[in-house]
Amino acid sequence: MKLSTTLATTLLSTGTLTQAQFTNQSSSFYLELLTDDATYNGTFLSACHEGAAIEGLCAFGDSMPNATITSDIFQLNSSIYSSGGSGVSGELTYELRGGNFNLSEPLAYSINPASNVASLFFYPGTTGDSVYIAFDADGLMNIQSSLDDTTVPASDNGTISYYRFYVCTTNNIGYTYPTLNWVFGDGAPQNPTCCPTNVTRIFV
Ligand SMILES: *[C@@H]1O[C@H](CO)[C@@H](O)[C@H](O)[C@H]1NC(C)=O
Ligand SMILES: *[C@@H]1O[C@H](CO)[C@@H](O)[C@H](O)[C@H]1NC(C)=O
Ligand SMILES: *[C@@H]1O[C@H](CO)[C@@H](O)[C@H](O)[C@H]1NC(C)=O
Ligand SMILES: *[C@@H]1O[C@H](CO)[C@@H](O)[C@H](O)[C@H]1NC(C)=O
Ligand SMILES: *[C@@H]1O[C@H](CO)[C@@H](O)[C@H](O)[C@H]1NC(C)=O
Ligand SMILES: *[C@@H]1O[C@H](CO)[C@@H](O)[C@H](O)[C@H]1NC(C)=O
Ligand SMILES: *[C@@H]1O[C@H](CO)[C@@H](O)[C@H](O)[C@H]1NC(C)=O
């Protein structure tokens, strides 16, 4: 069974497809920042330690990613419910290498109810706050939604890609790092350090 992107996105965003298995894994890629900010433009994200088996996406200014360093490489896991449109939506994954285990972890929102800025962390297992991302025809990472609640009544406009990624200095669980974040809604991020950015993938 193939669902339309709109339907799949709607179902995903409402959590109906909690049983969906995101096991169709893409080739590995690097994540590059594209931004007007000269400090970050053209640099690559890397998975960074934020807690036990929890990694953020850090903007440490790496200008040259390295395929032998696993913290530089990521994949997109899609499901049988994912489909084309403005980019196949799925989970961004990172493989944590432990002493005696390898664990593929999905990206999830780290939500603070007091802020519109959500850090994006790789957590072991499923947390219920999975981030479903896609890459558009230009290779830009986006998050899709079909529901616009600013209209009365709320409208289903079909799948729309949003680009609300920011590099912000964050400290969610003990470490102060420049990390990749998502801003909810179309307002300005309330964290004053946030710098708007796009993210593109470069296959290894
Ligand atoms: C991603 O897909 C690969 C290949 O099927 C699988 O081994 C891995 O566990 C998946 N990762 C997640 C987080 O589901
Ligand atoms: C950002 O870097 C890209 C190449 O990596 C370049 O094409 C673009 O002009 C740069 N943007 C700015 C605002 O410097
Ligand atoms: C990539 O990392 C490996 C291991 O640290 C190192 O030996 C190699 O020189 C690096 N390659 C580049 C192009 O930096
Ligand atoms: C898995 O994803 C690839 C593209 O990344 C696609 O060509 C293929 O049809 C997908 N397979 C399934 C079973 O969805
Ligand atoms: C983890 O993956 C690497 C690369 O595929 C492999 O060399 C290593 O043996 C794996 N470790 C475990 C514990 O499976
Ligand atoms: C969705 O459609 C409504 C009704 O046509 C329109 O007012 C609104 O601007 C659209 N929202 C977006 C995000 O395009
Ligand atoms: C990111 O890309 C989108 C779509 O092309 C564009 O509208 C937006 O201005 C870009 N944002 C930045 C920070 O470059």
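Here the structure is a predicted model, which means the values were calculated and not measured.
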Cys168 and Cys194: disulfide bond (SG atoms under 2.5 Å apart), yes or no, with the steps? CA-CA 4 Å; Cys168 314; Cys194 292; 2.0 Å; yes
Are the side chain of Ser146 and the backbone N or O of Asn157 linked by a donor-acceptor pair below 3.5 Å? no
Please work out which of the three classes, parallel, tilted or perpendicular, describes the rings of Tyr177 and Tyr175, given edges at 30° and 60°. parallel
Tell me if the aromatic rings of Phe22 and Tyr132 count as close, with their centers under 6.0 Å from one another. yes
Tell me the closest heavy-atom pair linking Asn142 and Asp136, and the distance in Å. ND2-N, 3.3 Å
I need the Thr176 OG1 to Asn171 CG distance, nearest 0.5 Å. 3.5 Å
Close side-chain approach of Gln21 and Ser79, heavy atoms under 4.5 Å: no
d(Tyr30 OH, Ile69 CD1) to nearest 0.5 Å is 9.0 Å
Tell me yes or no: between the side chains of Gln75 and Ser28, is some donor less than 3.5 Å from an acceptor? yes
Any non-hydrogen side-chain atom of Tyr109 less than 4.5 Å from a side-chain atom of Leu120? yes
If I take atom CG from residue Asn198 and atom CG from residue Asp138, how far apart are they, to the nearest 0.5 angstrom? 9.5 Å
What are the two closest heavy atoms between Asp62 and Ser46, and how far apart are they? OD2-OG, 3.7 Å
How many angstroms lie between CG in Leu57 and OG in Ser71, if you round to the nearest 0.5 Å? 10.5 Å
Answer yes if the side chains of Asp37 and Thr35 hold a donor-acceptor pair under 3.5 Å, and no otherwise. no
Reported OG-to-CD distance for the pair Ser110 and Glu50, which is rounded to 0.5 angstrom: 8.5 Å
Among Asn116, Val117, Asn112, find the one that has a side-chain contact (heavy atoms from CB on, under 4.5 Å) with Asn191. Val117
Polar contact flag, side-chain donor to acceptor under 3.5 angstrom, Asn77-Glu91: no
Audit row: Phe165, Met141, side chain to side chain contact (heavy atoms under 4.5 Å, CB included) steps and yes/no: CA-CA 9 Å; Phe165 295 103; Met141 192 159 91; 3.7 Å; yes
Which word best sums up how the rings of Phe74 and Tyr94 line up, parallel for under 30°, tilted for 30 to 60°, or perpendicular for over 60°? tilted
Tightest non-hydrogen contact, residues Ala59 and Val167, listed as CB-CG1, 4.0 Å
Report yes or no: do Leu33 and Tyr162 belong to one cluster of Ile/Leu/Val/Met/Phe/Trp/Tyr joined by side chain heavy-atom distances under 4.5 Å? yes
Could you go through the side chain to side chain contact (heavy atoms under 4.5 Å, CB included) check for Ile133 and Leu76 one step at a time? CA-CA 8 Å; Ile133 61 142; Leu76 178 66; 3.8 Å; yes
Cluster question for you: counting only ILVMFWY and a side-chain heavy-atom cut-off of under 4.5 Å, with indirect links fine, are Val199 and Phe29 together? yes
State plainly whether one hydrophobic cluster holds both Leu92 and Phe184, where clusters connect Ile, Leu, Val, Met, Phe, Trp and Tyr through side-chain heavy atoms under 4.5 angstrom apart. yes
Does a side-chain heavy-atom distance below 4.5 Å link Phe121 with Leu107? no
Smallest heavy-atom separation, Ala53 atom then Pro124 atom, equals O-CD, 3.2 Å
State yes or no: do Tyr163 and Ile160 share one hydrophobic cluster built from I, L, V, M, F, W and Y residues joined by side-chain heavy-atom distances below 4.5 Å, directly or via other members? no
Non-hydrogen side-chain atoms of Arg201 and Leu140 separated by less than 4.5 Å: no
Minimum heavy-atom separation for Gln25 to Ser104, with atom names? NE2-OG, 4.3 Å
Tell me whether the count of non-hydrogen atoms from other residues, nucleotides or ligands lying under 6.0 Å of CG in Asp36 goes above 12. no
Evaluate side chain to side chain contact (heavy atoms under 4.5 Å, CB included) for Asn41 paired with Leu34, printing each intermediate quantity in order. CA-CA 5 Å; Asn41 191 36; Leu34 296 178; 4.0 Å; yes
If you apply the rule side chain to side chain contact (heavy atoms under 4.5 Å, CB included), what do you find for Glu55 with Cys48, and how did you get there? CA-CA 5 Å; Glu55 295 77 35; Cys48 53; 5.9 Å; no
Are the side chain of Tyr40 and the backbone of Phe60 linked by a donor-acceptor contact shorter than 3.5 Å? no
Report whether Phe203 and Ile73 are members of the same hydrophobic cluster (ILVMFWY, side-chain heavy atoms less than 4.5 Å apart, transitive linking). no
I need the Phe44 CZ to Glu32 CD distance, nearest 0.5 Å. 4.0 Å
Shortest non-hydrogen contact from Thr170 to Asn181? CG2-OD1, 3.5 Å
